[in-house]
Amino acid sequence: MWHFRLWEIQDVAVFLSIMLYMCHLAGAISIYSPQRSLIRSVQDDVIFSVNFTCSEIPNIQWTFMSGLVSRMIGTWQPGGYTNITEDYSSRVQAYDNGSMCLSDLRLQDGGFYVVTITESTGSSKDFGFVLKVNEVLYEDLQYLTVSFLALACLAGLLMLAMWLLDKAYKKIMACKRRREMPENDVTELQIMNI
């Protein structure tokens, strides 16, 4: 007699393994940000805005990379501890949703910022940002100052010219009125007897 089996034990084990793996992927970490490339000026503040989903309370870690330099900014856990490195302690504000605010930007803050979300099971995901920091050009401010002073001098000269023309016009009109007045002959005054 032939026995026909629909599933072998090994097949069931593989099927269950695949199902468990797919369930694990369904609870995987996902990270989202509305903007990954940011441009700011020196002394501005910048917020690296992130939202993440995961099945556990994660550890959040931010790292800065530029050229050959790689520095850890800090790590924290939502509703738990916060550990910001000494270099950034006065300039970083950590948020429970994974976002980070960096204040009082410097030129050397330009580079790549990476947030790493790690679950206690060891699974993790990275998400990167590019920050460009522009220098405030003081030559532009000097140009604006010189332009403002030149325009103010021009306005002053125009006002002086208008005042002088007004004075000249009044003198010309006074002379014209004097010429138009009839010349009086010597008027004789008669003495009246009362």
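Because the structure is a prediction, the values reported are computed rather than measured. Sequence positions, counted from 1, serve as the residue numbers for this chain.
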| query | Would you say the side chain of Ser33 lies within less than 4.5 Å of the side chain of Phe129, judging by non-hydrogen atoms? | reply | yes
Tyr95 reachable from Ile29 in the ILVMFWY side-chain graph, under 4.5 Å edges: no
inquiry  = Can you confirm whether Gln35 sits close enough to Ser49 that some side-chain heavy atom of one is under 4.5 Å from a side-chain heavy atom of the other?
reply    = no
Check: residues 149-169 side-chain donor-acceptor pairs under 3.5 Å, at least two apart:
none

Should Tyr32 and Val50 count as side-chain neighbours, where that means a heavy-atom distance under 4.5 Å? no
Throw together a table of side-chain donor-acceptor distances under 3.5 angstrom for residues 100-118, partners on residues two or more places apart or in other chains.
| unit_1 | atom_1 | unit_2 | atom_2 | d |
| --- | --- | --- | --- | --- |
| Ser103 | OG | Arg91 | O | 3.2 |
| Asp109 | OD1 | Arg91 | NH2 | 3.1 |
| Asp109 | OD2 | Arg91 | NH1 | 2.8 |
| Asp109 | OD2 | Arg91 | NH2 | 3.3 |
| Asp109 | OD2 | Arg106 | N | 2.9 |
| Tyr113 | OH | Asp109 | O | 2.6 |
| Thr116 | OG1 | Asp126 | OD1 | 2.7 |

The reported gap from SG in Cys54 to NZ in Lys125 (rounded to nearest 0.5 angstrom) is 11.5 Å
So SG of Cys175 and CD of Glu180: to nearest 0.5 Å the spacing works out to 11.5 Å
Do Ile84 and Ile47 sit in the same hydrophobic cluster, where Ile, Leu, Val, Met, Phe, Trp and Tyr count as joined when their side-chain heavy atoms come under 4.5 Å apart? no
Atom pairs and distances, donor-acceptor, side-chain atoms in residues 58-74, under 3.5 Å, two or more places apart:
| unit_1 | atom_1 | unit_2 | atom_2 | d |
| --- | --- | --- | --- | --- |
| Asn59 | OD1 | Gln77 | NE2 | 3.3 |
| Asn59 | OD1 | Tyr81 | OH | 3.0 |
| Trp62 | NE1 | Gly98 | O | 3.0 |
| Arg71 | NE | Tyr88 | OH | 3.4 |
| Arg71 | NH2 | Tyr88 | OH | 3.1 |

Q. Are the side chains of Arg36 and Val130 in touch, meaning some heavy atoms are under 4.5 Å apart?
A. no
So salt bridge (Lys or Arg N to Asp or Glu O under 4.0 Å) across residues 41-53, not counting sequence neighbours, yields none
Sequence neighbours excluded, the answer for side chain to side chain contact (heavy atoms under 4.5 Å, CB included) partners of Asn51 is Asn97
Worksheet item: Going through the distances and angles, do Arg40 and Val133 end up as a side chain to side chain contact (heavy atoms under 4.5 Å, CB included)?
Response: CA-CA 5 Å; Arg40 298 291 186 274; Val133 180; 5.5 Å; no
Residue pairs passing the salt bridge (Lys or Arg N to Asp or Glu O under 4.0 Å) test with at least one member in residues 73-90, sequence neighbours excluded, are none
The reported gap from CG in Leu131 to CG in Leu38 (rounded to nearest 0.5 angstrom) is 6.0 Å
